Enquirer: 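Please find one structure pasted underneath; my questions will follow.
Treat the numbers as computed from the prediction; the structure is a model and nothing was measured.
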Amino acid sequence: MTEQIVILDFGSQYTQVIARRVRECNVYSTILRYDTPAREISALQPKGLILSGGPSSVYAEDAPLPDPAIFKLGVPTLGICYGVQLFAHFLGGRVEKGQKREYGKGTLTVTNAACALFARLPKRLQVWNSHGDKLTKLPRNFKPVAVTENSEYAAIEHRSKGFFGLQFHPEVVHTPRGREVISNFVHGVCGCGKDWTMRNYIEQAVEEIRAQVGRERVILGLSGGVDSSVAAALLHKAIGDQLTCIFVNNGVLRAREAEVVREVFGRHFKVKLRYENATKLFLSRLKGVTDPERKRKIIGRTFIEVFQAATKRAGKAKFLAQGTLYPDVIESVPIAGNPAALIKSHHNVGGLPKKMKFALVEPLKCLFKDEVRLLGEELGLPKEIVWRQPFPGPGLAVRILGEVTPRRCEILRNADRIVVEEMKASGLYYKIWQSFAVLLPVRSVGVMGDERTYDYTIAVRAVESQDGMTADWVKLPYDLLEKLASRIINEVKGVNRCVFDITSKPPGTIEWE
Ligand code: XMP
């Protein structure tokens with residue numbers, strides 16, 4: 001069994017970050033609900049347990065509490081923030097409402113350098129706090145090992161049991177050396193090796209896919225995005241020609257998108273690829289439609305129709321493969337104040353109809369996005385695919401305001417190609433979340449040579465974001481902006497004005513629609 005750390009989720013917005021940090025230490029981690037029975041946890045034979053933070057107070061009526069038997073599993077346990085309160089609550093300590101809410105940056109002073117969590121770390125550390133309640137009496141047999149300005153129990157330990165409590169968050173970037181604290185826990189305390197790498201994962205996944213699929217055939221909808229591309233490459237490695245990929249051209253793709261997919265998967269990897277060019281069908285259905293929601297619905301429905309017909313033509317297959325990721329399958333904890341619970345419903349694409357009777361193969365469903373990218377590199381996919389920016393399913397249709405026409409698609413495709421080229425040339429493309437062009441179907445007057453023009457406007461959007469939920473516009477250098485505007489207006493027929501969007505999200509969205 002893969003060595004692993006189990007993280008119990010008490011509703012912290014950082015639970016997934018903890019899981020990722022553990023995996024960055026090359027140790028596998030699993031997130032489970034806070035009330036998972038101890039025997040289920042024990043069945044996984046975890047090398048260690050982490051109790052996440054959470055927005056509650058242990059004394060609140062509806063406080064999320066774990067199975068008390070988790071403290072008797074004989075497994076090293078790290079409680080973060082709310083996790084410390086749990087130690088106090090179950091093991092004889094006391095928590096009270098703090099006078100001062102400790103929030104933000106603080107300085108931690110390690111008072112017991114022998115504590116394994118702080119091995120090879122300096123005595124003073126910058127840490128990030130976010131808690132209101134305060135430990136006022138240590139749980140039995142615990143000792144303080146570090147203090148902050150506000151708390152004499154900022155870090156505590158029960159050495160013989162391997163229990164540790166941290167009032168601060170080691171998982172966030174504002175605790176710069178937090179990764180080392182987590183590494184000390186998983187390697188130093190729990191004794192985990194460093195076996196969780198994408199290279200090892202490929203072997204394991206290939207075996208699992210072969211065992212699941214046997215001699216049956218598998219269909220995969222390839223969009224050219226990171227997830228479906230990596231899933232395709234992995235499945236192809238495992239089952240070769242038993243896999244058929246279907247790529248649908250919905251008429252609202254960017255420049256070169258279809259070519260890249262055909263080049264990489266068809267010619268290079270020699271994947272069995274069905275290219276469905278449904279451009280005409282999509283664009284005919286979008287004719288005259290201006291409402292953004294209707295555009296999305298038409299594209300969604302038409303996609304299912306085209307895809308379904310293509311699967312029939314591809315011949316009988318038992319399995320449908322999907323690039324589902326770990327964050328989509330983690331059951332979020334429905335606790336008030338847990339923003340992670342809201343994130344899931346965002347842009348839910350809706351999936352395929354139930355009557356399509358396939359069994360699912362989801363070879364990425366225990367991976368985070370950053371791991372999928374590493375896996376893609378390991379499988380030999382080009383940077384252009386592995387590190388590409390997110391692109392919405394409804395494609396250019398959400399970037400052409402108003403009606404989507406073939407001419408407008410052509411204009412936007414040309415403008416967007418220039419944005420991508422210049423962003424890549426400046427070295428910024430792979431550093432930011434998204435950068436793209438938007439077509440505004442309003443016309444304004446301009447002059448070109450001796451002629452008066454009356455053409456469309458292109459808006460350039462460049463944003464920085466962690467997850468697409470919030471975003472900041474990127475302060476692109478003036479000379480880059482100048483180059484973008486000049487190239488777009490000179491090279492793209494039908495455009496005579498270029499503007500730069502300086503709206504953050506909120507209040508704006510990333511896409512214009
Ligand atoms: P907004 O525009 O809501 O976008 O700020 C947030 C992120 O989601 C992407 N996006 C979509 N992705 N299907 C998708 O797969 C969609 O319909 C869709 N709409 C927006 C957007 O590009 C941004 O990264």
Side-chain angles (χ1 to χ4, degrees), residues 13 17 104 172-174 225-226 252-255 257 292-293 295-296 327 339-340 342-343 346-347 369-370 373 383-384 387-402 404 408-409 411-444 446 455-492 495-513:
Q13 57 177 314
V17 184
V172 303
V173 287
H174 312 290
V226 182
V252 282
L253 300 176
R254 285 166 298 182
E257 207 151 16
E293 276 311 306
K295 289 199 275 189
R296 279 173 179 280
L342 296 175
I343 291 170
H346 192 67
H347 293 316
K369 190 84 178 189
D370 16 10
R373 291 210 160 98
K383 184 173 180 187
E384 191 175 4
W387 292 97
R388 69 186 241 154
Q389 296 176 351
F391 182 61
L396 298 182
V398 296
R399 296 182 181 170
I400 294 172
L401 307 199
V404 178
R408 289 180 179 178
C409 287
I411 293 175
L412 182 56
R413 223 169 253 139
N414 287 332
D416 189 69
R417 179 179 44 79
I418 293 171
V419 175
V420 173
E421 277 172 18
E422 291 302 330
M423 290 299 293
K424 283 187 177 167
S426 73
L428 286 168
Y429 180 86
Y430 292 112
K431 291 198 180 126
I432 71 172
W433 178 258
Q434 270 173 308
S435 47
F436 55 86
V438 178
L439 178 80
L440 311 187
V442 284
R443 296 172 129 198
S444 67
D455 279 331
Y456 291 143
T457 298
I458 286 289
V460 173
R461 182 106 168 108
V463 294
E464 189 49 83
S465 173
Q466 291 299 316
D467 51 13
M469 297 301 289
T470 61
D472 242 340
W473 62 279
V474 179
K475 282 87 195 159
L476 295 183
Y478 278 168
D479 50 352
L480 175 58
L481 286 171
E482 188 176 24
K483 192 151 191 204
L484 282 171
S486 134
R487 278 197 64 192
I488 289 171
I489 293 163
N490 284 311
E491 295 174 32
V492 185
V495 176
N496 68 351
R497 203 172 284 275
C498 182
V499 298
F500 182 52
D501 183 359
I502 55 168
T503 318
S504 60
K505 172 182 181 175
T509 47
I510 295 176
E511 305 292 345
W512 279 46
E513 302 206 39

Enquirer: If you round to the nearest 0.5 Å, how far is CG of Leu476 from CG of Leu481?
Expert: 5.0 Å

Enquirer: Which pair of heavy atoms, one from Val252 and one from Pro394, lies closest together, and at what distance?
Expert: CG2-O, 3.6 Å

Enquirer: Would one find more than 12 heavy atoms of other residues, nucleotides or ligands at under 6.0 Å from atom NZ of Lys424?
Expert: yes

Enquirer: Apply side-chain contact (heavy atoms from CB on, under 4.5 Å) to Val17 and list each qualifying residue two or more places apart in sequence or on a separate chain.
Expert: Tyr14, Arg21, Glu171

Enquirer: Strictly distance-based, threshold 3.5 Å: is any side-chain N or O of Asn490 a donor or acceptor partner for the main-chain N or O of Ser486?
Expert: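 Side chain of Asn490 to backbone of Ser486, a donor-acceptor pair under 3.5 Å: yes, one is there.
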
Enquirer: Kindly check if the number of other-residue, nucleotide or ligand heavy atoms within 6.0 Å of NZ (Lys369) is above 12?
Expert: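 Yes - once you tally the heavy atoms of other residues, nucleotides and ligands closer than 6.0 Å, there are more than 12.
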
Enquirer: Spell out, as yes or no, whether a donor-acceptor pair under 3.5 Å connects the side chain of Lys505 to the backbone of Asp472.
Expert: no

Enquirer: Is any side-chain heavy atom of Thr457 closer than 4.5 Å to one of Val499?
Expert: yes

Enquirer: When you look at Asp501 and Trp512, which way does the side chain to side chain donor-acceptor pair (under 3.5 Å) test go after all the steps?
Expert: CA-CA 10 Å; Asp501 183 359; Trp512 279 46; 2.9 Å; yes

Enquirer: With a 4.5 Å limit on heavy-atom distance, are the side chains of Phe500 and Leu484 in contact?
Expert: no

Enquirer: Within the 4.5 Å heavy-atom criterion, are Val492 and Ile458 side-chain neighbours or not?
Expert: no

Enquirer: Report yes if the side chains of Lys295 and Val398 come closer than 4.5 Å at any heavy-atom pair, otherwise no.
Expert: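 In short, these two side chains do not touch, never coming nearer than 4.5 Å.
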
Enquirer: For a quick test of reading the model, state the closest non-hydrogen atom pair linking Ser426 to Leu480 and the distance between them.
Expert: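 Answer, listing the atom of Ser426 first, then Leu480: OG-CD2, 3.9 Å.
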
Enquirer: Nearest 0.5 Å, what's the CG-CD1 distance between Asp455 and Ile411?
Expert: 7.5 Å

Enquirer: Please examine the side chains of Ser465 and Gln434, heavy atoms only from C-beta on, and report whether any two atoms are closer than 4.5 Å.
Expert: no

Enquirer: Roughly how far apart are Glu464 CD and Leu428 CG, rounded to 0.5 Å?
Expert: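 That separation rounds to 9.5 Å.
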
Enquirer: Roughly how far, to the nearest 0.5 Å, is CG of Asn414 from SG of Cys409?
Expert: 11.0 Å

Enquirer: If you look at every heavy atom in Gly402 and Arg408, which pair is closest and at what distance?
Expert: C-NH1, 4.1 Å

Enquirer: Okay, side chain of Trp473, backbone of Ile502: is any donor-acceptor separation there less than 3.5 Å?
Expert: yes

Enquirer: Between Gln389 and Tyr429 (side chain of the first, backbone of the second, donor and acceptor by atom type, cut-off under 3.5 Å), is there such a pair?
Expert: yes

Enquirer: Taking the six-membered ring of Phe391, is the NZ or CZ of Arg254 close enough (under 6.0 Å from the centre) and on axis enough (within 45°)?
Expert: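 Yes, Arg254 sits over the ring of Phe391.
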
Enquirer: Which value, rounded to the nearest 0.5 Å, describes the distance between Asn496 atom CG and Arg443 atom CZ?
Expert: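 Asn496 CG to Arg443 CZ: 9.0 Å, rounded to 0.5 Å.
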
Enquirer: Considering only heavy atoms from C-beta outward, does the side chain of Ile488 approach that of Val419 to under 4.5 Å?
Expert: yes

Enquirer: Could you check whether any side-chain heavy atom of Trp433 comes within less than 4.5 Å of a side-chain heavy atom of Ile510, counting everything from C-beta outward?
Expert: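 Counting from C-beta outward, Trp433 and Ile510 do come under 4.5 Å.
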
Enquirer: How long is the straight-line distance from OH of Tyr456 back to CD1 of Ile400, given to the nearest 0.5 Å?
Expert: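 Answer for the CD1-OH pair, Ile400 versus Tyr456, is 9.5 Å.
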
Enquirer: Could you check whether any side-chain N or O of Arg399 sits under 3.5 Å from a backbone N or O of Glu513, counting only pairs where one atom can act as donor and the other as acceptor?
Expert: no

Enquirer: If only atom types and distance count, is the side chain of Arg461 paired as donor or acceptor with the main-chain N or O of Thr503 below 3.5 Å?
Expert: yes

Enquirer: Please test Arg388 against Glu257 for salt bridge (Lys or Arg N to Asp or Glu O under 4.0 Å), starting from the C-alpha separation and ending with a verdict.
Expert: CA-CA 11 Å; Arg388 69 186 241 154; Glu257 207 151 16; 3.0 Å; yes

Enquirer: Among all residues two or more places apart in sequence or in another chain, which pass the salt bridge (Lys or Arg N to Asp or Glu O under 4.0 Å) test with Arg487?
Expert: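 Partners of Arg487 by the salt bridge (Lys or Arg N to Asp or Glu O under 4.0 Å) criterion, ordered by chain and then number, come out as Glu421, Glu422, Glu491.
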
Enquirer: Could you tell me which non-hydrogen atom of Ala471 sits nearest to which non-hydrogen atom of Ser504, and how far apart they are?
Expert: O-CB, 3.4 Å

